[in-house]
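Heads up: numbering here begins at 1 and tracks the sequence. Only heavy atoms go into these numbers, but all of them, side chains included; no hydrogens, no water, no symmetry mates.
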Amino acid sequence: MDNDISRWLTIESIIKFASPYHFLIVILPSTVGICSIIEFLINLSKTKLVAVGTIVLIFLFLSQIYSYYKEYEKSMAEVLETGYFYNFFDKIVQHIWDRKYNNIPLKIKFNNGQKEVIETIKTSQLKFIVILPLSYDDFLDTINIINKTTKIGSLDNIYKIRFSKNPDDTITVYECPQTLMAIPKHGNHKIKYDEKTSKLFHKHFNAYFDEDWRNASDKISSEIFIKKSSLNNDY
């Protein structure tokens, strides 16, 4: 079990993950079975046997809470990642792939002061950096830096992007999954969420993203798309 008991053993976790059905069908019969074996192997008094049975019962109950908690962590990360990947990232990948395959230029529209500007570029002039932070604090730092150093625009008047224009007239798009902002909401209301916990959520999220990235690798051009764990470090 996790050494940080306070992370998963809370009143909220017990209320959420305790299953009366599992308790009656699995935990109680298992406790009786284990006690029967112990009684057969060791001659214990009834008092000691009851004490052993209570310990076994508590252990099995806590094991259930811990197991369900860990599954909830993974399932929440999977739901957030799946929504982000297939509702946004996969669509923009497909869009850029279509433009590249059909040799159609991309249009970046943004406001430069009071003037609307449209930059037309080839797909070879585009870099798309996806940043997958390793914790929630890293996520907040990344979003803060991106917001301060890039411009807001749209790609082909479809996708909202954050980008910078480089001296060689190329465009670099910076993307960090905004869906990660939903994690603290879940954490504050359902489970403990702190910097240590966030690293586990982000680890699950990033693992699911890596899997989806590999599955879509035929469309994700390595000449355009780059994965990083931060703005300064490669993934």
Side-chain angles (χ1 to χ4, degrees), residues 1-17 65-93 127-153 155 159-166 171-214 216 220 224-235:
M1 289 188 184
D2 200 315
N3 290 329
D4 187 4
I5 296 178
S6 64
R7 186 168 66 86
W8 59 270
L9 186 55
T10 64
I11 296 298
E12 291 80 7
S13 293
I14 292 174
I15 293 173
K16 182 175 180 61
F17 302 119
I65 299 298
Y66 177 74
S67 177
Y68 284 6
Y69 178 92
K70 296 296 289 184
E71 287 303 315
Y72 176 74
E73 282 186 332
K74 290 184 179 181
S75 64
M76 192 179 82
E78 183 177 15
V79 167
L80 293 176
E81 186 279 334
T82 299
Y84 170 74
F85 193 94
Y86 290 102
N87 292 331
F88 173 75
F89 186 73
D90 189 58
K91 291 182 179 180
I92 201 169
V93 165
K127 291 293 182 184
F128 197 107
I129 298 177
V130 184
I131 301 158
L132 300 174
L134 302 181
S135 72
Y136 187 63
D137 284 351
D138 289 346
F139 167 74
L140 294 178
D141 290 342
T142 298
I143 293 297
N144 186 47
I145 294 172
I146 290 176
N147 289 345
K148 287 182 177 179
T149 59
T150 62
K151 296 179 179 179
I152 300 175
L155 177 64
Y159 302 101
K160 181 180 177 181
I161 57 172
R162 280 275 183 179
F163 74 96
S164 61
K165 186 174 180 181
N166 305 313
I171 295 289
T172 301
V173 174
Y174 295 91
E175 171 59 22
C176 186
Q178 298 291 317
T179 188
L180 290 170
M181 295 181 72
I183 292 179
K185 181 179 180 182
H186 285 277
N188 288 338
H189 292 286
K190 297 180 181 179
I191 55 178
K192 183 180 178 182
Y193 189 84
D194 52 24
E195 178 64 3
K196 181 178 180 180
T197 307
S198 75
K199 292 179 181 180
L200 297 174
F201 281 117
H202 284 254
K203 180 180 179 180
H204 295 317
F205 184 97
N206 295 349
Y208 287 122
F209 188 92
D210 288 343
E211 182 179 356
D212 286 333
W213 177 290
R214 286 192 297 270
I220 301 177
I224 299 174
F225 292 92
I226 301 169
K227 254 190 312 183
K228 290 189 171 187
S229 61
S230 71
L231 287 167
N232 298 319
N233 298 320
D234 291 335
Y235 184 69

- Note on the structure: Closest non-hydrogen atoms of Ile92 and Phe128, given as atom of the first, atom of the second and distance, are CD1-CE1, 3.7 Å
- Task: May I ask you to test the Ile129-Tyr174 pair for a side-chain heavy-atom distance under 4.5 Å?
- Result: yes
- Query: What distance separates Lys228 NZ from Thr142 OG1, expressed to the nearest 0.5 Å?
  - Reply: 11.0 Å
- The single option from Tyr86, Phe89, Phe88 that satisfies ring-ring contact (aromatic ring centres under 6.0 Å, His included) with Phe209 is Phe89
- Hey, does Ile152 have a side-chain heavy atom less than 4.5 Å from the side chain of Lys160? yes
- Query: What's the spacing between Phe163 CZ and Leu155 CG if we round to 0.5 Å?
  - Reply: 10.5 Å
- Message: Restricting to non-hydrogen atoms, name the atom on Phe139 and the atom on Cys176 that form the minimum distance, rounded to 0.1 Å.
- Response: CD1-SG, 3.5 Å
- Task: Give the C-alpha distance, both sets of side-chain angles, the deciding distance and a yes or no for side-chain contact (heavy atoms from CB on, under 4.5 Å) between Phe85 and Asp90.
- Result: CA-CA 6 Å; Phe85 193 94; Asp90 189 58; 3.9 Å; yes
- Arg162 vs Thr149 side-chain heavy atoms within contact, under 4.5 Å: no
- Message: Testing the basics here: between Ala77 and His204, what is the closest heavy-atom pair and its distance to 0.1 Å?
- Response: CB-CB, 3.5 Å
- Task: Could you note down all residue pairs passing side-chain hydrogen bond (donor to acceptor under 3.5 Å, both in side chains) where residues 75-84 supplies at least one of them, sequence neighbours left out?
- Result: Tyr84-Glu175
- What heavy-atom pair brings Tyr136 and Leu180 nearest, and what distance separates the two atoms? CE1-O, 4.0 Å
- Task: Output the distance between atom NZ (Lys127) and atom CD1 (Ile224), rounded to the nearest 0.5 Å.
- Result: 8.0 Å
- Item | Residue pair Leu134 / Asn206, side-chain heavy-atom distance below 4.5 Å | yes
- Note on the structure: Heavy atoms of Leu132 and Phe205 approach each other most closely as CD2-CE2, 4.3 Å
- Query: Of all heavy-atom pairs between His202 and Pro133, which one has the smallest distance, and what is that distance?
  - Reply: ND1-O, 3.1 Å
- Item | Lys165: partners by side-chain hydrogen bond (donor to acceptor under 3.5 Å, both in side chains), with sequence neighbours left out | Glu119
- Task: Would you check if there is a donor-acceptor pair between the side chains of Ser198 and Asp137 at a distance under 3.5 Å?
- Result: no
- Is there a side-chain contact between Ile131 and Ile146, using heavy atoms and a 4.5 Å cut-off? yes
